[in-house]
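Below is one structure; the comments refer to it alone.
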Amino acid sequence: MWGATFTLTKIALSHVPVFPFLFVRFVVATIVLVGILILTSGHRRPMNARTVWVGVFLGCLLFGAYAFQTTGLGHTSPAITGFLTGLYVVLVPLFSIPLFHASPPKRTWLGAILAVMGLAFISGSHILHMQIGDIDVLICAVFLALQILFIEKYGSNIHPLTLATIEIGVVSVLSLVTSLVVGQTALFTPHVWMEPAVLWSVLINAIFATSLAYWGQNVFQQNMPSAQIAVIFSMESVFAALVAWMAQGNLLSPIEMVGGFLIFISMLVADPNLSRINIRREDSHGIT
């Protein structure tokens, strides 16, 4: 889902500014999540203070990530954006040392290194020639790493759908406020949003890459460590290449194939038991 969004967003940004685009994307995603919450049989769960503040905190981190990533995407290529965003694969285990007071297993470090090597092969980025857009995306990677880590730290035993709804809703509110503060008024020109490139980008980003993706993240990360999640998320660049091939006939070069292979291997290295899906977790009711 995320791999398909870089090119779509880049095209949409040629029609609308950054923060109105983010607001419409995330408000549509919030509406979808609220609808699912109402229709889901287990939706009547207590909205306690912990759920709210965790959702608001994660939403602020996510807003920082998307604000810097989308701004940076307007000034650099989707390939470089994908690679620099993927650096959170290394930042997650690095940040987990001060946050969790424990270093991830050696296999996770090795998997993260292999994943970054694969991302570099796929993107073909020239990291030594940094521009303002590249710096924005690097800051985005920091926010994403923190968002992944704090879901693990605070998101356990919180209803994942409720948490995702609050988190995405906070991003939409912050996007609206920022849009008004910086004077980006595309929100008030409805015909712009009917442009096919903008409309399809909003719908795909909002429904698949936001509401469903972050709901899924909150569900699955209750059963998996954040460092392993980050390595699996590095497959984003592989799917970006596959989508480009399917949609536009862009073939993978041999070096890009090597990059995809390295990322796939990084997943297996990071978790040798991945293929068995033998996950045990401890929650408030004991070991399940």
Review point. Is there side-chain contact between V142 and L138, with heavy atoms separated by less than 4.5 Å?
Key: no

Point to revise | Heavy-atom side-chain contact between I229 and E152 under 4.5 Å | key: no

Study note, to complete from the structure: d(I207 CD1, M1 CE) to nearest 0.5 Å is 11.0 Å

Check your understanding: What's the verdict on side chain to side chain contact (heavy atoms under 4.5 Å, CB included) for F233 and I148, showing C-alpha distance, side-chain angles and the deciding distance?
Key -> CA-CA 10 Å; F233 281 175; I148 292 171; 3.9 Å; yes

Revision key, fill the gap. Scanning both residues in full, the closest heavy-atom pair of L37 with T162 reads CD1-OG1, 3.8 Å

**Study point:** pair H159-T51: side-chain heavy atoms closer than 4.5 Å
**Key:** no

Point to revise | For F150, the option from F57, F143, W53 that meets ring-ring contact (aromatic ring centres under 6.0 Å, His included) | key: F57

Exercise for review: Give me the one residue out of L22, L62, V27 that meets side chain to side chain contact (heavy atoms under 4.5 Å, CB included) with V171.
Suggested key: L62

Point to revise | CD1 on I232 to CD on Q221, rounded to 0.5 Å | key: 10.0 Å

Revision key, fill the gap. Taking every heavy atom of T5 against every heavy atom of A209, the minimum-distance pair comes out as CG2-CB, 3.4 Å

Check your understanding: So do I36 and L212 actually touch side chain to side chain, heavy atoms under 4.5 Å?
Key -> yes

**Study point:** Derivation of the side chain to side chain contact (heavy atoms under 4.5 Å, CB included) call for S211 and I168
**Key:** CA-CA 8 Å; S211 56; I168 299 305; over 6 Å; no

Exercise for review: Check step by step if side chain to side chain contact (heavy atoms under 4.5 Å, CB included) holds for V90 and I113.
Suggested key: CA-CA 7 Å; V90 172; I113 293 171; 5.5 Å; no

Review point. Can you hop from V24 to V177 via hydrophobic side chains spaced under 4.5 Å?
Key: no

Check your understanding: Quick one: are Y154 and L58 in side-chain contact, heavy atoms under 4.5 Å?
Key -> no

Exercise for review: Measure the spacing between CZ of F68 and CD1 of I139 and express it to the nearest 0.5 Å.
Suggested key: 4.5 Å

Review point. Can you tell me how far OG1 of T210 sits from CZ of F26, rounded to the nearest 0.5 angstrom?
Key: 4.5 Å

Review point. Just one of I151, V54, I166, N48 clears the side chain to side chain contact (heavy atoms under 4.5 Å, CB included) bar with I158, so which one?
Key: V54

Exercise for review: Return the minimal non-hydrogen interatomic distance between A67 and F19, and the atom names on each side.
Suggested key: CB-CE2, 3.8 Å

Check your understanding: Between S175 and Y66, is a side chain to side chain contact (heavy atoms under 4.5 Å, CB included) present by the stated rule, with each step listed?
Key -> CA-CA 10 Å; S175 298; Y66 275 99; over 6 Å; no

Study note, to complete from the structure: For V137 and G72 the tightest heavy-atom approach is CG2-CA, 4.0 Å

Exercise for review: State whether the side chain of W193 and the backbone N or O of V198 hold a donor-acceptor pair below 3.5 Å, judged by distance alone.
Suggested key: no

Review point. Shortest non-hydrogen contact from C140 to Q69?
Key: SG-CB, 3.3 Å

Study note, to complete from the structure: Residues V170 and G55: closest non-hydrogen pair is CG2-O, 4.3 Å

Review point. So, K10 side chain and L73 main chain: donor-acceptor pair closer than 3.5 Å or not?
Key: yes

Exercise for review: Find out whether Q184 and F23 are in side-chain contact, i.e. whether some heavy atom of one side chain is under 4.5 Å from a heavy atom of the other.
Suggested key: no

Exercise for review: Determine yes or no for a side-chain-to-main-chain donor-acceptor pair under 3.5 angstrom, with S14 supplying the side chain and I11 the backbone.
Suggested key: yes

Revision key, fill the gap. CD1 (I135) and OG1 (T71) are apart, to the nearest 0.5 Å, by 13.5 Å

Practice item. Ignoring hydrogens and angles, tell me if any N or O in the side chain of T165 forms a donor-acceptor pair with the backbone of V34 under 3.5 Å. Key: no

Check your understanding: Tell me, do E167 and L61 make a side-chain contact under 4.5 Å, heavy atoms counted?
Key -> no

Point to revise | Straight-line distance of Y88 OH to F95 CZ, nearest 0.5 Å | key: 14.0 Å

Practice item. Please check if atom CH2 in W200 has more than 12 non-hydrogen atoms from other residues, nucleotides or ligands closer than 6.0 Å. Key: no

**Study point:** Heavy-atom check, side chain of L33 versus side chain of W215, under 4.5 Å
**Key:** yes

Check your understanding: Okay, side chain of S172, backbone of R25: is any donor-acceptor separation there less than 3.5 Å?
Key -> no

